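All of these numbers come straight from a predicted model, not from anything done at the bench.
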Amino acid sequence: MQDYVLSSGTSDGVFSDGRRTVAAAGACLALAALGLGFNTQAHAASYGTPTISLSAAYLSGAVGATGDPTVQVTVAQSGADASALTVAASKSSKASVAPTSAVTVTGTGTTRRLAVTAAAQGYTDLTVKVTGLGGKTATKTLHYAASAAVQQPADTRYFTGSSDASAAVDVGGGYVVVADDESNVLRLYDRSVSGAPVKTWDFSDDIDVSKEIDIEGAARVGDTIYWTGSLGNNKDGEYKAARNTVFTTEVTGSGANTTLSYGGSYGKLRDNLVAWDKANGNRYGFAAGTADGQVPKEINGFNVEGLEFAPGSTTTAYLGFRAPLAPAVAGGKALLVPVTNIDKVVANGTAATFGTPIELDLGGLSVRDIRKNAANQYLIVAGSWAADDNSDPYALYSWTGVAADQPVKLRDLPTTDPGAWEAVVDVPDLTVAGARAQLITDDGSADLYGDGTEAKDLTHPEWQKSRATWFTVTG
């Protein structure tokens, strides 16, 4: 057999016997057969470091919840198809709140969906890792907060972005516009899921206010929504002009396509009410209830929390008072004052006129919200006038809207979970057995995550939330 020896003295790749050879290629093939080929190293080097991003860096959930908010994860790697990348939680700073096994990621492409099942109340930082080809990885941190389990978890959703829900109006298609008494922002939510608002609006500049209106009541007639501030002093008994505001928004579209535009506003409804009460012998003590230093949420205070139109009317709206009771003693009745020209009040700046006040027996409780349907069936959320820890009784009443008729108690509302029942979204047909209504809490003063921080003071809006729960209201 001929021995082939590469001549060290040649530079053109020929052997000493003068014949050109493919020895170099043969050597490469031999190396490849041993798994040591140069192409493998070159191909691995061609993969870039993966990239990963989260649609939100902060996420909240609840123990035992149904349909908690999720986060979109976007991944990529140069030189690789996204389907070849894997995404998983690699670390939890507090596994008792949510271990890595509680994190699920669905999807196989560039975008994935990450969900967390809370194990306990508290906070944890979750490390989310993408692993690409060539063994290369990248991570992002998801800051997660879990609130405690509540009653009726399957019927409960959480509206994030704010914790101080105070009024709500149905806009069809399973969507609701929710007001906040700590800001002037109106938020559009999908009622069926937990999560952030679909849209937001802030009409502060249109109204020319720089402080919160303390929105507490809302009512819709046609395509116009009326929103009212509490009209009372702030919690320190100080007069704040912005709270003496009623304004309107005009609705176009419905459901997820809802759009709100500014209508008009009026800033003297409180003054009109005080003057009216004085002219009628100070029957309800409105002047004293609005005096400097008077705290609004007292049995003899002054605080509006409900607004709804009278049966069949587009011009007369009931103002529902949290305080005072009538009379302002334990066991007193809840007070409604009809504004008989609310359309002209907001549209033209006409001074408000008032009808005969209505006193309702709500078992010593006052109005926290009032809502009706097209058939003039009303629901009234009844609660305490006090500004306490929300452990006082709450109840739900039906009513005809007629002054001569007294409301009928439908059920008590649970008070063991955080939050105050503040709003009812809409009214089902109350003649049908098993009818359900969705109510929303104001969780602003609640310690949602067990660290002593009130929800309104949480620094991340994704952790702020109000609870929306469906209740069966007819037998």
D426/R220 ion pair, N-O < 4.0 Å: no

In terms of relative ring orientation, are W276 and F286 parallel, tilted or perpendicular, with 30° and 60° separating the classes? tilted

Test item: T141 side-chain N/O and T127 main-chain N/O as donor-acceptor pair under 3.5 Å: no

Tell me whether R371 is salt-bridged to D170, with the criterion being a basic N under 4.0 Å from an acidic carboxylate O. no

Verdict with supporting geometry, N282 and K278, side-chain hydrogen bond (donor to acceptor under 3.5 Å, both in side chains): CA-CA 5 Å; N282 290 309; K278 283 183 177 179; over 6 Å; no

Note, L360 side chain near I358 side chain (heavy atom, < 4.5 Å): yes

Side-chain donor-acceptor contact under 3.5 Å, D443 with S466: no

My understanding is that only residues two or more places apart in sequence, or in another chain, count here; which of them pass side-chain hydrogen bond (donor to acceptor under 3.5 Å, both in side chains) with Y284? E359

Check step by step if salt bridge (Lys or Arg N to Asp or Glu O under 4.0 Å) holds for D214 and R243. CA-CA 6 Å; D214 191 26; R243 294 171 177 245; 3.0 Å; yes

With no hydrogens and no angle check, do the side chains of S162 and D180 hold a donor and an acceptor under 3.5 Å apart? yes

Closest heavy-atom contact between S60 and E462? OG-O, 3.2 Å

Using atom types as modelled and distance alone, determine if a side-chain donor or acceptor of S55 lies under 3.5 Å from a backbone N or O of Q72. yes

Would you confirm whether R411, through its side chain, and T472, through its main-chain N or O, come within 3.5 Å as a donor-acceptor pair? yes

Decide whether N233 and R270 meet the rule of one side-chain donor and one side-chain acceptor closer than 3.5 Å. yes

Hey, does the side chain of D447 reach the backbone of G452 with a donor-acceptor pair shorter than 3.5 angstrom? yes

Do S92 and T124 meet the criterion of a side-chain donor-acceptor pair at a distance under 3.5 Å? yes

Using only atom types and a distance under 3.5 Å, with no angle test, would you say the side chain of K199 pairs donor to acceptor with the backbone of T258? yes

Do P428 and L379 touch side chain to side chain, with heavy atoms closer than 4.5 Å? yes

Could you check whether any side-chain heavy atom of L114 comes within less than 4.5 Å of a side-chain heavy atom of L142, counting everything from C-beta outward? yes

Residues forming a side-chain hydrogen bond (donor to acceptor under 3.5 Å, both in side chains) with T431, sequence neighbours excluded: D429

Are I380 and L396 packed together at the side-chain level, in the sense that at least one heavy-atom pair is separated by less than 4.5 angstrom? no

Is a donor from one side chain sitting under 3.5 angstrom from an acceptor on the other, for E305 and N303? yes

Given salt bridge (Lys or Arg N to Asp or Glu O under 4.0 Å), test R322 with D369 step by step and report yes or no. CA-CA 9 Å; R322 177 172 177 168; D369 196 22; over 6 Å; no

For residues F302 and F321, establish whether the separation of their ring centroids is below 6.0 Å. yes

Using modelled atom types only, decide if a donor and an acceptor are shared between the side chain of S166 and the backbone of I215 within a distance under 3.5 Å. yes

May I ask you to check whether K344 and N348 show a side-chain donor-acceptor distance below 3.5 Å? no

Check whether the side chains of N341 and T353 place a donor and an acceptor atom closer than 3.5 Å, and report yes or no. yes

Assess, by modelled atom type and distance only, whether the side chains of E216 and S230 contain a donor and an acceptor separated by less than 3.5 Å. no

Can you tell me if D205 and Y262 form a side-chain donor-acceptor pair at under 3.5 Å? no

D277 side chain to G285 main-chain N or O, any donor-acceptor pair under 3.5 Å? yes

Proximity of Y123 and Y449 rings by center, below 6.0 Å: yes

Using modelled atom types only, decide if a donor and an acceptor are shared between the side chain of S366 and the backbone of G383 within a distance under 3.5 Å. yes

Examine distances only and state if a side-chain atom of D236 and a backbone atom of E238 form a donor-acceptor pair shorter than 3.5 Å. no

Between W227 and T249, a side-chain donor and acceptor under 3.5 Å: yes

We want to know whether D125 and S93 form a side-chain donor-acceptor pair, criterion being a heavy-atom distance below 3.5 angstrom. no

For side chain to side chain contact (heavy atoms under 4.5 Å, CB included), just list the numbers for F309 and T315, CA-CA rounded to whole Å, side-chain angles, deciding distance to a tenth of an Å, and then say yes or no. CA-CA 7 Å; F309 281 84; T315 59; 5.9 Å; no

Can you find a heavy atom in the side chain of L186 that is under 4.5 Å from one in the side chain of T200? no

Classify the ring geometry of Y318 against Y378: parallel below 30°, tilted from 30° to 60°, perpendicular beyond 60°. tilted

Taking atom types as modelled, is there a side-chain donor on T156 or T469 under 3.5 Å from an acceptor on the other? yes

Please check if the side chain of W463 supplies one atom and the backbone of L59 the other of a donor-acceptor pair under 3.5 Å. yes

